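It should be emphasised that the depicted structure is a prediction, and the values quoted were computed from it without experimental measurement. If you read the sequence from its start, that first residue is 1, and numbering goes on from there.
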Amino acid sequence: PIFCLTLGNDELLNNQNIQPDLRLIKNNQLECYLIDEVVPRIHQENTNSFVILAGLGLGAYYAANFAFKHPDHFRKLIAISGKYDIRSFFQPFYNEDIYYNNPMDYLPNLTEKRFLNSIVKMDIRFAVGNEDPNLEETYRICNILQQKSISYQLDIWNENDPNVDNHWGEALLRHVV
């Protein structure tokens, strides 16, 4: 079975009309919902323990952040055209909640073997266009993983290829199998 979550992004990280601390509370509630309710339901309805977490754009951030924070729950990460550094959503505000929800901040400092060993076992895939505004952040997160000796695959598509209408859709299909 396939489970798809639709995020209310207007209530989450990038909504500048909501105070930063309230956005972080909503983000933490979403994480608890995913880990405490969605993942157990997936296992209840599916005997296969191979769970893939995938996302596009801001959804790629959520997929990556949740996969890196809870690597025991997921076997594969597919992150397409993601923004992996959330500090720009909160500037100049910064606190511990941002740190622990920002892979660009917490991954370089992650030393706990249990987490690192679980992340190493995960099949991690990033896909992004060669002209995508998030290309540089994708390179940065891949560099952090490389420094941690965590393998990943990086797929950079040519956004000017006239033979492809739906780059992110093709990337998702290519990396799911």
**OP:** Test I156 against Y139 for side-chain contact (heavy atoms from CB on, under 4.5 Å), laying out the working first.
**Re:** CA-CA 10 Å; I156 300 175; Y139 282 137; 3.1 Å; yes
| Donor-acceptor under 3.5 Å (N143 side chain, Q146 main chain) | no
Contact between I141 and Y61 at the side-chain level, heavy atoms closer than 4.5 Å - yes or no? no
d(E136 CD, D132 CG) to nearest 0.5 Å is 11.5 Å
Review point. Got a salt bridge between E37 and R41, using NZ or NE/NH1/NH2 to carboxylate O under 4.0 Å?
Key: no
When rounded to the nearest 0.5 Å, the distance separating CG of L34 from OH of Y62 is 12.0 Å
Contact between I98 and F89 at the side-chain level, heavy atoms closer than 4.5 Å - yes or no?
no
One should read off an interatomic distance between E96 CD and L24 CG, to the nearest 0.5 angstrom, of 11.5 Å
For D72 and R114 the tightest heavy-atom approach is OD2-NH1, 3.0 Å
Answer with yes or no whether the side chains of N65 and Y106 bring together a donor and an acceptor at under 3.5 Å. yes
Problem - Side-chain donor-acceptor pair present, N28, N101, cut-off under 3.5 Å - result: yes
task = Go through the steps for L77 and M122 under the test side-chain contact (heavy atoms from CB on, under 4.5 Å), then give the verdict.
result = CA-CA 7 Å; L77 166 65; M122 196 182 318; 4.0 Å; yes
Inset, instruction - Step through the shown structure and confirm whether more than 12 heavy atoms of other residues, nucleotides or ligands are within 6.0 Å of OH on Y99. - result: yes
CZ of R87 to CG of N102, rounded to nearest 0.5 Å, is 5.5 Å
Could you tell me whether a side-chain N or O of R140 sits under 3.5 Å from a main-chain N or O of D85, the two making a donor and an acceptor? no
Can you tell me if Y33 has over 12 outside heavy atoms packed within less than 6.0 Å of its OH? no
Closest non-hydrogen atoms of I35 and H73, given as atom of the first, atom of the second and distance, are CG2-NE2, 3.7 Å
d(N130 CG, W157 CH2) to nearest 0.5 Å is 9.5 Å
Minimal heavy-atom distance between H43 and V51, with the atoms involved, is CE1-CG2, 3.8 Å
Rounding to 0.5 Å, atoms CD1 (I124) and CG (L53) come to a distance of 11.5 Å
Neighbour count above 12 (heavy atom, 6.0 Å) for Q29 CD: yes
Mind checking whether F90 and N95 have side chains closer than 4.5 Å, heavy atoms only?
no
For F66 and F74, the nearest pair of non-hydrogen atoms, with its separation, is O-CE1, 4.0 Å
message = Under a 3.5 Å distance rule, please check whether Q153 uses its side chain to pair with a backbone N or O of R125 as donor and acceptor.
response = no
A60 and G82 have their tightest heavy-atom pair at CB-CA, 3.5 Å
Stepwise side-chain contact (heavy atoms from CB on, under 4.5 Å) check, L56 with S81
CA-CA 6 Å; L56 168 67; S81 189; 4.1 Å; yes
- Task: Taking atom types as modelled, find out whether Y94 and D105 have a side-chain donor-acceptor pair closer than 3.5 angstrom.
- Result: yes
With no hydrogens and no angle check, is any side-chain donor or acceptor of K69 less than 3.5 Å from a backbone partner on E31?
no
Has K83 got a side-chain atom pairing as donor or acceptor with G57's backbone, closer than 3.5 angstrom? no
Smallest heavy-atom separation, I150 atom then Y152 atom, equals O-CD2, 3.5 Å
